[in-house]
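Note that the coordinates shown come from a computational prediction; the quantities given were computed from them, not determined experimentally. Here is how names work: the chains are called A, B, and so on, in the same order as the sequence lines, proteins then strands, and each is numbered from 1.
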There are 2 protein chains.
Amino acid sequence: MRYHKIPDETVRRLPIYLRGLMVSADQEREHISSQSLASFVGIEAWQIRKDLSYFGDFGTPGVGYNIYRLARGIKKTLRLDVIRRAALVGVGDLGSALLAYPGFRVYGLDIVAAFDIDPQKIGSTVNGVAIENAAQLDTLRRRDISLAIVAVPRDAAQATVDSLVAAGVKGILNFAPCKLVAARRIKVITLDIAMELARLPYYMPRAEQAAETVLKMDDG
Amino acid sequence: MRYHKIPDETVRRLPIYLRGLMVSADQEREHISSQSLASFVGIEAWQIRKDLSYFGDFGTPGVGYNIYRLARGIKKTLRLDVIRRAALVGVGDLGSALLAYPGFRVYGLDIVAAFDIDPQKIGSTVNGVAIENAAQLDTLRRRDISLAIVAVPRDAAQATVDSLVAAGVKGILNFAPCKLVAARRIKVITLDIAMELARLPYYMPRAEQAAETVLKMDDG
DNA sequence: CCATGTGAAGGTATTCACAGCC
DNA sequence: GGCTGTGAATACCTTCACATGG
């Protein structure tokens, strides 16, 4: 399986395994079986083994996976083996929360710059990061920042992306609720929070009203 | 196709169409073709037609889709045709940002209650929503709130979910970076923001360092 | 004996191409 | 002529079962 392209769905699950391994690493044990990891992260054991088989022999039959070695392997595959510097554009409510969020560090991701257009915000510091004028986005290239988070209002999102791409950014995580266009070589992942909440009701059993209706029907 | 189960991937795309239709509705036109909607939301036209075919005949050949009627149809399918009341647990940086976020309204979702354990926060108001004591989560049932957003630290997430389920909540959007267990009938969607950012590097072309390495190899 | 890694089977989603309707 | 809705083909992903190796 070593020569096979890694399926997108596997790439989506790798960070989950990594997260699980990090937490497991705190325990004393040096190895972990696909079975243990499975119950910890909530994904079936055979799925984990299959996923890992796409890019390396990390396990030892009869023993399991060396936690440290596997974590390294996944990081390398995801290209998270170097510290990645990221920029944030848009320091509103969500942007500020992201600056304060400690979770990125786990993956070797570091928000080292923040931009906004509000003169009131420019110059101030949020969580140790100075807020710069969004007009200076073009400085990103020489600062070796190729990853960006877009947390600006929808109407400003496309222009922001254009500036980021011009500044040499190669990957963008977008929180604005709209489609963004960029050259094929640029990877854009859009994460619309409201949309995730919006698909919950579909999976929920019919609400109280429905139950009430059933009761009434029984009564009648 | 009307009798077929709607694929999960279709359910995931429906909110995108809905979002696109809402914005399109501002224009004068009454109808929209799968082609126009496709270029607007960034999904292929045949994919849209196929998705819509799973749950109704909304289009008119030669004309397109009536924007209003289609939006209604999608809302009904996603069970977003009634206003849904949601509760937020954990009013930290992210939680506060979510309270301020206007995007939920588009889908008929309304955060009407917020909870925290910090005495400093309890009693205060954020964006018009009073922050209550998290110990009072059990009041959700009689307040007709069956949707919840979990934005508490990882260590508190599972206990929060347990309380929510006990309080009659049927759907949970979780921002804590961990697996959560709940009865099968409860739908839990976990959204780990850092994880999304973490899979960006995989799709990015090799960084400057790599390019340099190649150059050196050429030199040697 | 235990746990991995993987062919093969089965299932689901994507993509195509076009018949049918306005 | 234009556009929808959908069977059929294709591609992709999941799931199983077991051969293989420590």
Side-chain angles (χ1 to χ4, degrees), chain A residues 1-17 20-21 24 29-74 77 199 202-203, chain B residues 1-17 20-21 24 29-74 77 199 202-203:
Chain A
M1 271 293 198
R2 300 287 291 285
Y3 313 125
H4 204 288
K5 173 190 169 289
I6 301 178
D8 278 348
E9 291 303 309
T10 294
V11 173
R12 191 184 297 273
R13 282 186 296 262
L14 289 183
I16 302 180
Y17 304 152
L21 289 170
S24 297
R29 296 157 69 261
E30 203 174 326
H31 288 79
I32 190 169
S33 68
S34 59
Q35 200 53 251
S36 318
L37 185 56
S39 66
F40 191 71
V41 301
I43 292 178
E44 300 292 333
W46 46 256
Q47 178 76 81
I48 294 177
R49 293 202 303 275
K50 184 65 138 183
D51 283 342
L52 299 182
S53 78
Y54 287 118
F55 60 96
D57 290 291
F58 292 106
T60 308
V63 179
Y65 299 91
N66 176 293
I67 295 178
Y68 178 76
R69 208 168 80 86
L70 179 55
R72 285 281 295 220
I74 294 178
T77 301
R199 68 195 171 90
Y202 177 82
Y203 294 101
Chain B
M1 273 293 200
R2 299 288 291 287
Y3 311 125
H4 204 288
K5 173 190 171 287
I6 301 178
D8 278 347
E9 291 303 308
T10 294
V11 173
R12 190 185 299 273
R13 282 187 295 263
L14 289 182
I16 301 180
Y17 304 152
L21 289 170
S24 297
R29 297 155 71 260
E30 203 173 324
H31 289 78
I32 191 169
S33 67
S34 59
Q35 199 52 252
S36 318
L37 185 57
S39 64
F40 191 72
V41 301
I43 292 178
E44 302 291 333
W46 47 255
Q47 179 75 81
I48 295 177
R49 292 202 302 276
K50 183 65 133 185
D51 284 342
L52 300 182
S53 78
Y54 287 118
F55 60 96
D57 290 291
F58 291 106
T60 309
V63 179
Y65 299 90
N66 177 290
I67 294 177
Y68 178 76
R69 208 168 78 85
L70 179 54
R72 285 282 294 221
I74 293 178
T77 301
R199 68 195 170 91
Y202 177 81
Y203 294 101

d(NE2, B:His31; C1', D:dG2) in whole Å: 14 Å
Nearest-Å distance for atom pair CG/C1', residues A:Asp57 and D:dG22: 13 Å
Pairs touching residues 58-70 of chain A that satisfy side chain to side chain donor-acceptor pair (under 3.5 Å), sequence neighbours left out: none
Which side-chain N or O atoms in residues 42-49 of chain B pair as donor and acceptor under 3.5 Å with protein atoms at least two apart or in another chain?
residue	atom	partner	partner atom	Å
B:Gln47	NE2	B:Asp51	OD1	3.3
B:Arg49	NH1	B:Ser34	OG	3.2

Rounded distance (Å) that lies between atom P of C:dA3 and atom CG of A:Leu37: 14 Å
Nearest-0.5 Å distance, OH of residue B:Tyr54 to CD1 of residue B:Ile6: 9.5 Å
Any B:Thr60 side-chain N or O less than 4.0 Å from OP1/OP2 of D:dT4: no
ring-ring contact (aromatic ring centres under 6.0 Å, His included) involving B:Phe40 - partner list, sequence neighbours excluded: none
Side-chain (A:Ser36) to main-chain (A:Ile32) donor-acceptor, under 3.5 angstrom: no
Under 3.5 Å side-chain donor-acceptor pair for B:Asp8 and A:Tyr203: yes
DNA chain D contacts among residues 63-74 of chain A, heavy-atom distance under 4.0 Å: none
Sort me out a list of protein N/O and nucleotides 14-19 of chain C N/O pairs below 3.5 Å, or just none if empty.
residue	atom	partner	partner atom	Å
C:dT14	OP1	B:Arg13	NH1	2.8
C:dT14	OP2	B:Arg13	NH2	2.9

A:Leu52 CG to A:Arg13 CZ distance, which is reported to the nearest 0.5 Å: 10.0 Å
Atom-pair distance (CG on B:Leu52; C1' on C:dA13), nearest Å: 16 Å
Gap between atoms CD1 and P, on B:Ile48 and D:dT4 respectively (whole Å): 9 Å
Spacing between A:Gln35 atom CD and C:dC2 atom P, to the nearest angstrom: 13 Å
N or O in side chain of B:Ser34 less than 4.0 angstrom from D:dT4 OP1/OP2: yes
Spacing of B:Leu70 atom CG and B:Leu21 atom CG [to the nearest 0.5 Å]: 5.0 Å
Whole-Å gap separating C1' (C:dT12) and CG (A:Asp8): 16 Å
Qualifying residues under side chain to side chain contact (heavy atoms under 4.5 Å, CB included), relative to A:Ser39, sequence neighbours excluded: none
